[in-house]
Amino acid sequence: MSSPLAVTIGVLGLQGGHAEHAHSLLNVARSHALPPDVQLSVRDVRKPEHIADPSLDALIIPGGESTSMAIIAESMGLMQPLRDFVNLHKKPAWGTCAGLIMLANHATHTKQHGQSTIGGLSVTVDRNAFGSQRDSFVCDLAPPPFSAPSSSASSASPSATVPASAPPTTTPTPFPGIFIRAPLVSSIDAPSVLTLCTVSHKGHQGPVAVRQDHILGTAFHPELTQDTRWHEYFVNMVVEAKRAAAAGQGGSGSGRAKAGAALEERVG
Amino acid sequence: MFSAPSNLTNGQANGTHTLANGATDDKFRLKAGLAQMLKGGVIMDVVNVEQARIAEEAGAVAVMALERVPADIRKEGGVARMSDPKMIKEIKAAVTIPVMAKVRIGHFVEAQILEAIGIDYIDESEVLTPADDVNHINKHKFDVPYVCGCRNLGEALRRVNEGAAMIRTKGEAGTGNVVEAVRHARQVHSDIRRAQAMDEDELFTFAKELGAPFHLLKETARLGRLPVVNFAAGGVATPADAALMMQLGVDGVFVGSGIFKSGDPVKRARAIVKAVTHYKDPKILAEVSEDLGEPMVGINCDTLPEGQKMATRGW
């Protein structure tokens with residue numbers, strides 16, 4: 001058996017549904033959906049030093065009001081650390097609803113003087129695309145790719161086909177998509193952006209779950225359901241990224257990588 | 001049948017409870033879900049487009065559109081009614097955050113009007129003059145969600161039973177005095193703690209005592225919190241007041257007259273938003289409390305004649 005892999009996911013706790021995300025992650029940790037060697041811990045993130053902490057492996061930006069979140073983040077000097085975390089250190093990040101708006105490179109229908117974002121996801125997002133609260137809705141969505149519990153970490157890499165084909169024989173149960181004053185991805189601005197699921201509702205249609213490398217965005221709220229498949233999907237993204245980084249540093253990599261690491265040690 | 005919104009936990013619950021809240025009713029899930037997204041935020045009373053923009057720029061999670069803030073309703077007297085839909089629509093057009101508006105207790109036609117113009121949340125509010133002194137609105141009949149005031153757990157759960165998807169403790173609006181807000185928040189939480197210590201046999205009697213539906217009381221005891229999001233309201237005037245209410249365990253704060261009746265609304269609005277985010281951090285609270293200019297004058301609640309108390313409206 002390999003040694004335990006500690007994985008720490010932060011939830012941006014400035015405002016909105018952060019406790020719900022933390023709770024969903026803890027439900028994932030309690031279930032047996034994760035590889036047995038993974039030890040998941042969840043952390044509240046609200047200050048620059050929380051983001052700069054090197055032990056933080058990934059970040060969830062919850063739903064809430066994206067204008068409020070951006071204003072609070074800006075006033076607390078959080079915006080640049082957040083941008084560095086996502087776009088410089090390229091650590092995994094997942095935004096739901098307002099979080100998707102924060103991670104998108106472009107947003108339309110923003111408040112009068114525009115709003116600052118973290119960016120990184122090459123999409124354009126239309127805020128409140130479906131209308132006001134009375135236009136909020138619940139509908140069935142395609143579940144995340146490879147959402148069936150899988151013990152082999154290597155099978156978790158996303159396929160470029162859309163939607164990704166399910167594991168053999170089982171038809172996946174749909175995912176309950178909760179859209180509350182939700183945004184919609186109005187355009188995909190880079191070929192590396194994968195559409196993981198789409199919605200068609202009262203004349204509005206488009207992607208509502210997208211992934212570009214280490215960034216995941218969903219327009220709906222998996223944290224407002226008891227279904228943890230999207231949280232499992234994200235945790236697997238984080239686990240993969242962490243294993244890849246460890247391999248890259250030569251921890252368990254090839255002989256050449258080990259030699260490189262040894263050399264570094266001597267030089268250091 | 002009621003079931004609590006998914007993953008709504010009490011602040012300290014991280015990992016200590018295994019909750020299996022599964023709201024099965026999609027309509028209620030959407031209503032309560034919007035309130036879940038407002039948590040940790042400040043909702044500000046505004047009377048015009050300019051104030052709504054100031055509130056949005058300050059980081060408010062929503063605005064409450066009304067013609068007169070409670071302090072002016074108090075001063076001017078007379079019957080206070082729903083605001084002009086035209087002015088509410090103008091505010092709705094000016095900002096991107098959710099817009100709430102108030103209707104009189106029991107006035108379901110005012111509510112139908114607000115629903116028709118696409119308001120995001122309705123406050124069935126004791127701040128306006130009640131239209132029905134026996135019944136509240138049957139809020140299940142509406143697609144638009146409601147927030148209602150309470151002074152204790154029984155009142156809160158009666159409102160949830162009628163379909164409210166969010167609760168606020170009442171406080172005493174328009175006074176700039178936080179004492180009643182504290183009283184009501186403490187009362188709700190103390191009622192919840194008592195319920196948690198009871199077995200089911202005792203809960204039946206406690207439900208009768210509170211005038212609360214048994215199944216909601218049982219759910220509250222299981223969760224250790226109100227089964228919907230709960231904000232504080234009525235008398236919050238300073239960042240310290242807002243943080244006080246947060247530390248007492250509410251999910252967010254309504255600020256009515258406290259901002260735009262003060263000397264420097266822009267600065268005070270921003271300060272209160274920051275205070276709610278960092279309510280446990282006295283250093284940040286000290287920073288944001290500095291140099292805010294004149295607070296609203298405020299009224300001593302002890303000297304308020306019984307007839308002028310708004311919190312006692314609601315049945």
Side-chain angles (χ1 to χ4, degrees), chain A residues 13-27 29-30 41-44 46-47 62-76 96-98 109-113 115 127-128 131-139 176 178-181 221-227, chain B residues 5-11 13-15 17-23 26-27 29-34 36-42 53 56-62 92 94-100 115-121 142-145 251-252 270 273-274 276-278 281 284 288:
Chain A
L14 298 179
Q15 188 270 314
H18 50 92
E20 285 80 354
H21 267 296
H23 198 257
S24 295
L25 286 173
L26 291 169
N27 279 341
R30 280 193 211 102
S41 54
V42 181
R43 199 180 277 179
D44 186 34
R46 8 187 130 197
K47 291 181 173 179
E65 280 307 314
S66 60
T67 52
S68 315
M69 256 191 256
I71 289 164
I72 298 167
E74 195 86 71
S75 71
M76 300 306 300
T96 56
C97 194
H109 288 123
T110 54
K111 72 176 170 65
Q112 202 184 26
H113 302 293
Q115 63 191 65
R127 280 193 69 199
N128 300 341
S132 61
Q133 173 61 11
R134 65 175 170 181
D135 306 301
S136 293
F137 62 100
V138 178
C139 75
I178 300 187
F179 293 84
I180 296 176
R181 289 172 42 92
H221 292 283
E223 78 283 10
L224 295 184
T225 72
Q226 289 300 305
D227 194 325
Chain B
S6 284
N7 299 323
L8 180 67
T9 56
N10 76 28
N14 271 3
H17 297 264
T18 307
L19 302 179
N21 313 340
D26 282 345
K27 195 160 115 179
R29 185 139 89 162
L30 291 171
K31 292 175 174 180
L34 178 55
Q36 283 175 278
M37 293 308 128
L38 301 176
K39 279 187 301 149
V42 181
R53 291 219 169 103
E56 186 176 47
E57 288 296 333
V61 290
K92 219 174 119 47
V95 296
T96 62
I97 53 180
V99 178
M100 302 182 164
E115 184 171 55
I117 62 172
I119 205 82
D120 294 301
Y121 237 96
F142 290 79
D143 288 331
V144 59
D251 297 313
R270 280 184 173 265
V273 167
K274 272 196 202 169
V276 167
T277 306
H278 296 285
D281 191 329
I284 296 180
V288 302

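Letters A, B, ... mirror the listed sequences (proteins, then strands); counts begin at 1.
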- Item | Among the listed options B:Lys31, B:Gln36, B:Lys27, the residue most often paired with chain A at heavy-atom distances under 4.5 Å | B:Gln36
- Would you please test B:Thr277 and A:Gln15 for side chain to side chain contact (heavy atoms under 4.5 Å, CB included) and show each step? CA-CA 7 Å; B:Thr277 306; A:Gln15 188 270 314; 5.7 Å; no
- Query: chain A heavy atoms under 4.5 Å from B:Ala94: which part of the residue, side chain, backbone, both or neither?
  - Reply: neither
- Task: Report yes if some heavy atom in the side chain of B:Lys92 is under 4.5 Å from a heavy atom in the side chain of A:Ser132; otherwise report no.
- Result: yes
- Okay, A:Leu224 and chain B: the region with an atom under 4.5 Å from a heavy atom over there is both
- For A:Pro176, is it the side chain, the backbone, both or neither that has a heavy atom under 4.5 Å from a heavy atom of chain B? side chain
- Item | Sidechain-backbone polar pair: B:Asn7 side chain, A:Thr225 backbone, donor-acceptor under 3.5 Å | yes
- Message: Counting heavy-atom pairs closer than 4.5 Å to chain B, which one of A:Arg181, A:Arg134, A:Glu65 comes out on top?
- Response: A:Arg181
- Message: Could you walk me through whether A:Glu20 and B:Leu8 satisfy the side chain to side chain contact (heavy atoms under 4.5 Å, CB included) test, starting with their C-alpha distance in whole Å, then the side-chain angles of each, then the deciding distance to 0.1 Å, before giving a yes or no?
- Response: CA-CA 6 Å; A:Glu20 285 80 354; B:Leu8 180 67; 4.0 Å; yes
- Query: With only heavy atoms counted, which part of A:His21 is less than 4.5 Å from chain B, the side chain, the backbone, both or neither?
  - Reply: neither
- Query: Does the side-chain hydrogen bond (donor to acceptor under 3.5 Å, both in side chains) test come out yes or no for A:Thr67 and B:Glu56, once each step is laid out?
  - Reply: CA-CA 8 Å; A:Thr67 52; B:Glu56 186 176 47; 4.9 Å; no
- Message: So for A:Ser75, is it side chain, backbone, both, or neither that comes closer than 4.5 Å to the heavy atoms of chain B?
- Response: both
- Item | Validation row: A:Phe179, A:Cys139 side chains within 4.5 angstrom (heavy atoms) | yes
- Task: Measure distances from B:Asp281 to the heavy atoms of chain A and classify the residue's part below 4.5 Å as side chain, backbone, both or neither.
- Result: side chain
- Side chain / backbone / both / neither for A:Arg46 at chain B, heavy atoms under 4.5 Å: both
- In terms of heavy-atom proximity below 4.5 Å to chain B, should A:Met76 be classed as side chain, backbone, both, or neither? side chain
- Query: Quick one: what part of A:Ser66 sits under 4.5 Å from any heavy atom of chain B, side chain, backbone, both or neither?
  - Reply: neither
- Item | Top contributor to chain A interface from B:His278, B:Glu57, B:Glu115 [non-hydrogen pairs under 4.5 Å] | B:Glu57
- Query: A:Asn27 side chain to A:Gln226 main-chain N or O, any donor-acceptor pair under 3.5 Å?
  - Reply: no
- Message: For the backbone of A:Thr110 and the side chain of B:Thr96, can you confirm whether one donor and one acceptor N or O come within less than 3.5 Å of each other?
- Response: no
- Query: To the nearest 0.5 Å, what is the distance between CD1 (A:Ile180) and CZ (A:Phe137)?
  - Reply: 10.5 Å
- Heavy atoms only, distances under 4.5 angstrom: which of B:Leu38, B:Val61, B:Asp143 has the most pairs with chain A? Name it, please. B:Val61
